Amino acid sequence: MSNDFHKKVGRNIKKLREEKRLSQFKLAVEVDCTPSTIAGIEAGVNTTLARLYSISKVLGVEPYELLK
């Protein structure tokens, strides 16, 4: 996959997280990962579909919305 795609997904997650007024730490706790993992995903590091699914549920959106 394109690095641009991963960065776009990361931007979408960050935007939704900030709209929900969640810190990276709080999102990480809810998703059961580390804050550095969330920071990496938001920066465009590849992640698993399972983690994207967990993030989408915490953010209250359907998983496909992270991929737009």
Side-chain angles (χ1 to χ4, degrees):
M1 288 236 158
S2 161
N3 192 32
D4 290 339
F5 176 75
H6 295 136
K7 287 184 179 185
K8 184 175 184 180
V9 171
R11 283 191 304 267
N12 290 341
I13 291 170
K14 182 176 181 176
K15 179 179 177 268
L16 291 165
R17 176 181 61 76
E18 289 176 342
E19 286 175 2
K20 300 283 184 185
R21 297 183 183 203
L22 290 173
S23 66
Q24 287 180 338
F25 179 82
K26 179 67 175 166
L27 180 58
V29 168
E30 295 292 325
V31 174
D32 193 28
C33 67
T34 64
S36 62
T37 298
I38 297 298
I41 294 168
E42 289 182 357
V45 173
N46 194 9
T47 191
T48 64
L49 289 175
R51 181 149 294 138
L52 287 178
Y53 179 80
S54 296
I55 290 170
S56 72
K57 293 304 161 196
V58 171
L59 295 176
V61 299
E62 291 297 320
Y64 74 88
E65 293 183 57
L66 304 179
L67 308 177
K68 288 184 182 179

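Model, not experiment: these values are computed from the prediction.
A distance of 9.0 Å separates CD1 in I13 from OG in S56, rounded to the nearest 0.5 Å. With rounding to the nearest 0.5 angstrom, the CZ atom of F5 is 9.0 Å from the CG atom of N46. Between the OG1 atom in T48 and the CD1 atom in I41 there is a gap of 7.5 Å [rounded to 0.5 Å]. To the nearest 0.5 Å, atoms CG (L16) and CD (E42) are separated by 10.0 Å. Put simply, CD on E18 and CD on Q24 are 8.5 Å apart, with the number rounded to the nearest 0.5 Å. Atom CD1 of I38 sits about 10.5 Å away from atom CD of E30, to the nearest 0.5 Å.
Across K15, K14, R21, E19, a single residue satisfies side chain to side chain contact (heavy atoms under 4.5 Å, CB included) together with R17, and that is K14.
Between N12 and E65, every side-chain heavy-atom pair lies at or beyond the 4.5 Å cut-off. For the pair L22 and V58, the minimum side-chain heavy-atom distance is below 4.5 Å.
Nearest heavy atom pair, residue A28 against residue P35, reads CB-N, 3.5 Å.
Hydrophobic cluster membership is shared by L67 and V61, with clusters built from Ile, Leu, Val, Met, Phe, Trp and Tyr side chains linked at under 4.5 angstrom.
More than 12 non-hydrogen atoms from other residues, nucleotides or ligands lie less than 6.0 angstrom from NZ of K57.
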